[in-house]
Amino acid sequence: MITTELIMESIKYGDLSEIEQKLVETAINSRAQAYANYSKFKVGAAALDENKNIHRGCNIESADYTLTTHAEMLAIDNLILSGAKTLNAIAIALSSEHGNPTPCGLCRQKMTEFGSEKTQIICVNLNERGEIKDVFKTYLGALLPFAFSKESLNS
Ligand SMILES: [Zn+2]
């Protein structure tokens, strides 16, 4: 049986590498820019490219809901806009009473387009004051195994 413990490693912030900590801090800071007037569910993201540059994202909602941009999507869009090509890692910051905040299925698929099975995903759960409550590390291959990708189109 696959359990959460197998794919989501709980880790202390202080045990993250320097660049991972920077990624987490950027995701938390980006969350402050979220436009989440309808759900009140603010999310920040920070994407690390192949040159160790960091690209920011936050969720941006729309009154019709269907036009909502997810924080991870915006961070990846900004990575591509910069001219970078590869998503090496991404940090996501949100506040949830649920213990293991993870990217939604749409974002996992978008990560697959520019990342790999080894793309690191760092999920940060904040308390109501915006302070780090929990940090989890996983990788894209664990969250979206057998993903549909550009290789899938080759017949
Ligand atoms: Zn999403």
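Counting from 1, the numbers follow the sequence of the chain as shown. Just so it is clear, the structure is predicted and the values come from calculations on it, not from any experiment. As the structure lists them, so they are numbered: ligands from 1, and atoms in each ligand from 1.
With Arg56 contributing its side chain and Thr26 its backbone, the two residues share no donor-acceptor pair below 3.5 Å. Of the possible donor and acceptor atoms, one in the side chain of Asn125 sits under 3.5 Å from a partner among the backbone N and O of Ser96.
Not counting sequence neighbours, the partners of Asp64 by the side chain to side chain contact (heavy atoms under 4.5 Å, CB included) test are Ser62, Thr66, Leu67. Shown here are the ring-ring contact (aromatic ring centres under 6.0 Å, His included) partners of Tyr38, two or more places apart in sequence or in another chain: Tyr65.
Note on the Zn ion (ligand 1): protein N/O/S atoms under 2.8 Å are His70 ND1, Cys104 SG, Cys107 SG.
Shown here is Glu18, whose CD atom has no more than 12 heavy atoms of other residues, nucleotides or ligands within 6.0 Å.
For residues 71-87, the side chain to side chain donor-acceptor pair (under 3.5 Å) pairs, not counting sequence neighbours, are Asp77-Lys110.
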